[in-house]
Amino acid sequence: METEMMRPLLLLPEMLLAGGALAALIGGSFVPRHRQWTIRIFTAIVLAATIVAAAIQLRSPATSAFDDSFAVDTTTGIARILAASGTLLILAIAADEISASARESESYALLLFSTAGTVLLAGANDLLALAVGFLLASIPLYALIGLAHTRAGAEATMKTYLMGALFGILLLLGVTILSGLTGTTGYAELADRLADAPQAVVTVAAVAVIAGLMFKAGGVPGHFWVPDAAQATTATAATFLTTVPKIGALLAVYRLATVLPPSSWPLLVAALAVASMTLGNLAAYWQSDPRRLLGWSTVSQVGFLLVPIVVAGRSDLALPSLLVYLTGYTATNIAAFAVSAALPEHRDLVDYRGLAAQRPWLAAALLVALLGLVGTPPTAVFVGKLTTATAAWDGGYAWLAVVVFGNSVLSLFYYLRWITPTYRDAGDKPVVKTRLSDRRWSARLAVSAAALSLVAGLATGPLWYVVSR
């Protein structure tokens, strides 16, 4: 791999995101409330420019910036495109929900800051860069959740903050132990020096760092805040926090796993994968609030996404399957949350009864999104789960592949609890009606994101070629 000491333009996408966030924060202070939509347009331009810059850099050979502390390779490029694209789609929900609100421009700045932290996590090749990315991705989420201005929102913010502080300390503790053992923070040097370090101490450090990143990903054991935040905050924040930060956190775990000694982490990650997918599925079954159900669903999805990390270095399918799964999950999860954003009064599953007769396109988008999260062909998540299970089998973890398929079947039951009333006749029960003219962008996003999930599933060949370069 070619190494570059500085060349800050290698971090152009990250600079666009961070600079755009500062410009949105400062510029929004001078724009009247009724013209805050200009900041939204500016944010969309910044995200589009980030996607273009990342796509152009994908064609270049893999390299690194700032003395190997940040990797600029295909994995980072895909993460940049996914994170910026996901945030760009979420702006459609924001256009309906927070337009002309008192904190509109601040919301866009927070979204950009957290997206910048996400891509820093994804490309971190140094423990200090990992810590900075974690903090930059986490801190804006506290404010985003708190913008709901409700008692439940305040409770969710406090829970997220306390959990973030706890797991942030764990991550920094692990970083301190690893750097103290080896005298370095760079991944290249860590890989060489950790082989001679005491394995028990390395394992403790690995547990601490991975547990800290699980808070950012929303998986066990750092998952407790996710359902509360998804239920209590705005649809904009709920969609973002259950989608975009996972991209950076899971890729950060993958990069770190390839550096740590094989004896210190595979069983740990496998246990977290099984616990996340099983606990998330079992807890989601009893939920009646759609967003809380989706919150537990995202905990379960983290478990599936951890599976290819278990076989990192043991199977050539590990990284491509993770990237394909993340691509499909991003589109599919946004589609599901966009439906709930388009119907904000539908806060119970029974409220969706008769939706197919009234809003057939919205009901179809919900059907595609939920079956996509199950892993039904030909959606992109199906390809992700299939390749993920194949990678586990190929890497010598056949039992983990069986757990993936078993939990996929288990998840079908609670998604059917949402699908069934949607396609059932309303009968004499009064139907909760929402003026979709007030939520037209969310409705369009739901249909578009569901279609994108199908297209990504059907066009897996080109996507697989890119991610497996």
Side-chain angles (χ1 to χ4, degrees), residues 1-27 42-91 108-141 143-144 171 185-187 213 216-217 240-241 243-256 323 326-327 330:
M1 179 184 291
E2 176 190 357
T3 303
E4 299 288 349
M5 291 292 291
M6 293 297 289
R7 286 187 62 188
L9 284 181
L10 289 173
L11 271 68
L12 179 60
E14 290 74 21
M15 290 190 293
L16 285 171
L17 290 170
L22 284 173
L25 184 62
I26 297 172
F42 170 76
T43 303
I45 293 172
V46 169
L47 291 167
T50 300
I51 295 170
V52 172
I56 292 173
Q57 286 191 353
L58 266 179
R59 303 178 60 185
S60 303
T63 183
S64 60
F66 294 95
D67 198 19
D68 276 340
S69 62
F70 189 83
V72 183
D73 52 17
T74 301
T75 303
T76 303
I78 296 294
R80 288 164 165 173
I81 293 172
L82 283 181
S85 299
T87 307
L88 183 60
L89 292 175
I90 292 168
L91 288 184
Y108 301 141
L110 291 170
L111 289 173
L112 288 175
F113 274 128
S114 190
T115 304
T118 295
V119 295
L120 280 176
L121 270 178
N125 212 23
D126 185 280
L127 292 174
L128 295 181
L130 178 73
V132 171
F134 176 87
L135 294 173
L136 184 56
S138 300
I139 294 173
L141 285 184
L144 273 174
L171 183 138
T185 56
Y187 283 5
L213 291 172
K216 195 82 248 99
F240 181 85
L241 67 89
T243 308
V244 175
K246 286 177 170 47
I247 299 168
L250 290 165
L251 291 177
V253 175
Y254 182 91
R255 289 191 190 275
L256 184 66
L323 293 173
L326 282 171
T327 302
T330 299

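Heads up: numbering here begins at 1 and tracks the sequence.
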Q: Let me see the working for Leu47 and Leu16 under side-chain contact (heavy atoms from CB on, under 4.5 Å), right down to the final yes or no.
A: CA-CA 8 Å; Leu47 291 167; Leu16 285 171; over 6 Å; no

Q: Give, for atom OG1 of Thr87 and atom CG of Leu17, the distance between the pair rounded to the nearest 0.5 Å.
A: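 So the OG1 of Thr87 and the CG of Leu17 are separated by 8.0 Å.
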
(Q) So, taking the atom named CG in Leu250 and the one named CG in Leu121, what distance separates them when rounded to the nearest 0.5 Å? (A)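 Reported value, rounded in 0.5 Å steps: 10.0 Å.
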
Apply side chain to side chain contact (heavy atoms under 4.5 Å, CB included) to [X] and list each qualifying residue two or more places apart in sequence or on a separate chain.
X	result
Leu136	Phe113, Ala116, Leu120
Ala55	Ile81
Thr327	Leu82, Leu463
Ser69	Phe66, Asp126

Are the side chains of [Y] and [X] in contact, using a 4.5 Å heavy-atom criterion?
X	Y	answer
Tyr108	Leu25	no
Leu326	Ile78	no
Thr43	Leu111	no
Phe70	Leu10	no
Ile90	Val244	yes

Looking at every heavy atom in both [X] and [Y], which two are closest together, and how far apart are they?
X	Y	result
Ala23	Phe42	CB-CZ, 3.6 Å
Ser114	Ala137	OG-O, 2.9 Å
Leu9	Gln57	O-NE2, 3.2 Å
Leu213	Ala249	O-CB, 3.7 Å
Thr50	Ala84	CG2-CB, 4.0 Å
Ala71	Arg255	CB-NH1, 3.7 Å

Q: Please report the C-alpha distance between Tyr254 and Leu323 in whole Å, then the side-chain angles of each, then the deciding distance to 0.1 Å, and finally whether the side-chain contact (heavy atoms from CB on, under 4.5 Å) criterion is met.
A: CA-CA 11 Å; Tyr254 182 91; Leu323 293 173; over 6 Å; no

Q: May I have all residue pairs that pass salt bridge (charged side-chain N to carboxylate O under 4.0 Å, His left out) and include part of residues 74-91, sequence neighbours excluded?
A: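 Output for this query lists Glu14-Arg80.
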
**Q.** Criterion side-chain contact (heavy atoms from CB on, under 4.5 Å) against Pro140, the qualifying member of Leu110, Leu135, Leu112
**A.**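 So, applying the side-chain contact (heavy atoms from CB on, under 4.5 Å) to Pro140 and each of Leu110, Leu135, Leu112, only Leu110 qualifies.
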
Q) Is the backbone of Asp68 close enough, under 3.5 Å, to the side chain of Asn125 for a donor and an acceptor to pair up by distance? A)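 Looks like yes, one N/O pair under 3.5 Å.
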
Q | Thr118: partners by side chain to side chain donor-acceptor pair (under 3.5 Å), with sequence neighbours left out | A |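 Not a single residue meets the side chain to side chain donor-acceptor pair (under 3.5 Å) criterion with Thr118.
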
(Q) Walk me through whether Val119 and Ile247 qualify under side-chain contact (heavy atoms from CB on, under 4.5 Å). (A) CA-CA 8 Å; Val119 295; Ile247 299 168; over 6 Å; no

